[in-house]
Amino acid sequence: MKMKLAVPKESNDSRVALAPDAIAKVSELGLSVIMQKSAGEQAYFPDESYEGATFLNREELLQTADAVLSIHPLSENELDLLSAGTVVISQFQPFNDERIANRLRERDLKGFSLDVIPRITAAQSMDILSSMGSIAGYKAVLEAAHYLPRYFSMMITAAGSIRPAQVLVLGAGVAGLQAIATARRLGARVEAFDTRSAAREEVQSLGAKFIEVEGAKEAEDSGGYAVEQSEEFLERQRKEVQARAKNADVIITTAQVRGAKAPLLIPADVVDAMRAGSVIIDLASSTGGNVALSVDNEMVERKGVKIVGNSYLAALMPQDASQLYSNNVVNYLKLLFRDGALHLDMDNKIISDTYITKPEKSNEANAENQ
Ligand code: NAD
């Protein structure tokens, strides 16, 4: 009998982990796909479009699954419905939730966390954080344009001239760079800052100005992720940012440090110094926020400045977001399964980094044969 890969409907997200064209690709790996009824509906992928998949209700789905693939982890109660040995593939955020691996182990589940895929060339086609980050950066600009009571582009009309909007992007990783590109396409003037010096050229190549702050700690051994900066550096950075923020119509913050609270880049007094009508979009709100006043999943207003806290903007573009997530996942599944069975190649960095419930070192050899 083929191993069954189950795809539940996401509870608080309009995306789905597999798009219709993935069914044939997954079946080539020797797995059959079972899906929760209407799992793709909110991403505009109706059940009929999943040719070759079987549809079940949620409870049946989880009870029959050999592997479960989702965007957000299942709840604790739902994990209890899974049989021992089930493979669970999701974004478990093991750096923010240190106990997650043990909670999965206690239930005898094999956990694979897609959000810790290493930032190496071989893993680019599986990098869900980049796919979702790029959409979030794009959407952040569109959200800001929606709330801003002004044009983004310069306008010269018979009724008078309008200056272009001034946009400040903090954190120029995947999301930040896409935000810069999108804001530029809309005609805004853009300034950006990142602690990684490699970001300077990328920012400049998109036609934005890079804000120079001396003395950033580099992230050489951290696999492409940022490291925490010294208090002294952060203070200098805050001063630079404060000066720019006063002139910004839009601020988009994307700064994250893996396994740590997001750095506070915009304190309340900086918000107070901004012009009424300005907009801040904080993409780091779910890990504490880059903006002192931002509230995760809410829009708050302070003296005419709107502050949107949203780390899941990719969910507002569910069709392409699901398609890209699905493409990334299929590439990952090609590594994880061979001839319809789990293939734990612990010499492969992508597998060993993402296998969060792997047995401790001494037992690792046995794991390969499980
Ligand atoms: P992220 O979402 O973890 O962080 C976003 C950005 O915030 C990063 O660029 C980080 O340097 C920046 N940041 C952290 N602290 C800051 C501070 N105090 N002030 C200003 N900025 C701060 O990162 P990400 O966007 O997912 O990826 C980061 C980088 O990793 C990418 O830009 C890229 O260079 C690299 N990457 C490599 C690959 C690959 O080679 N396969 C894939 C994806 C990303």
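Just follow the structure's listing: the first ligand is 1, and inside any ligand the first atom is 1. In what follows, every heavy atom counts, from backbone to side chain, and hydrogens, waters and symmetry copies are set aside.
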_Looking at ligand 1, would Thr254 count as a contact under a 4.0 Å heavy-atom criterion?_
yes
_Closer than 4.0 angstrom, basic N to acidic O: yes or no for Arg244 and Glu240?_
yes
*With a 4.0 Å heavy-atom cut-off (strictly under), which part of Thr195 contacts ligand 1: side chain, backbone, both or neither?*
both
*asked:* Any nitrogen or oxygen of Val174, side chain or backbone, less than 3.5 Å from one on ligand 1?
replied: yes
*asked:* I'd like to check Asp97 versus Phe92 (side-chain heavy atoms, cut-off strictly below 4.5 Å). Are they in contact?
replied: no
*Per-atom contacts of ligand 1 with Ala172, taking only distances under 4.0 Å to non-hydrogen atoms*: 9 (O)
_Within reach of ligand 1, part of Ala255 (heavy-atom separation under 4.0 Å)_ = both
*Show which atoms of ligand 1 fall inside a sub-4.0 Å distance from at least one heavy-atom site of Pro263.*
15 (N), 18 (N)
*Could you tell me if the ring centre of His72 sits under 6.0 Å from that of Tyr312?*
yes
_Which of the ligand 1 atoms, numbered from 1, are nearer than 4.0 Å to a heavy atom of Gly173_ = 6 (C), 9 (O), 25 (O), 32 (O)
_Asp194 N/O under 3.5 Å from ligand 1 N/O_ = yes
_Ala198, portion touching ligand 1 at heavy-atom distance under 4.0 Å_ = neither
*Under 4.0 Å between a Lys/Arg side-chain N and an Asp/Glu carboxylate O for Glu76 and Arg107?*
yes
_With a 6.0 Å cut-off (strictly less than), is the heavy-atom count around CD of Glu51, excluding the residue itself, greater than 12?_
no
*Out of Arg196, Arg119, Gln178, indicate the one that has the non-hydrogen atom closest to atom 31 (C) of ligand 1.*
Arg196
*For Asp127, take its heavy atoms, then give the atoms of ligand 1 lying under 4.0 Å from any of them.*
42 (C), 43 (C)
*Should Glu202 be listed as contacting ligand 1, given a heavy-atom distance under 4.0 Å as the test?*
no
*Are Arg15 and Glu10 ion-paired here, with the side-chain N under 4.0 Å from a carboxylate O?*
no
*For Gln124, take its heavy atoms, then give the atoms of ligand 1 lying under 4.0 Å from any of them.*
39 (C), 40 (O), 41 (N)
*asked:* Please determine whether residues Leu186 and Met154 belong to a single hydrophobic cluster, defined as Ile, Leu, Val, Met, Phe, Trp and Tyr linked transitively by side-chain heavy-atom distances below 4.5 Å.
replied: no
*For ligand 1, which atoms sit closer than 4.0 Å to a heavy atom of Phe193?*
19 (N), 20 (C)
*Are Asp249 and Arg163 close enough for a salt bridge, meaning some N to O gap below 4.0 Å?*
yes
*Taking C-beta and beyond as the side chain, do Asn310 and Asp282 meet within less than 4.5 Å on heavy atoms?*
no
*asked:* Ile120 versus ligand 1: do any nitrogen or oxygen atoms come within less than 3.5 Å of each other?
replied: yes
*Does a salt bridge link Arg58 with Glu78, judged by any charged N lying under 4.0 Å from a carboxylate O?*
yes
_Ligand-side contact atoms (ligand 1) for residue partner Ser130, heavy atom cut-off under 4.0 Å_ = 42 (C), 43 (C)
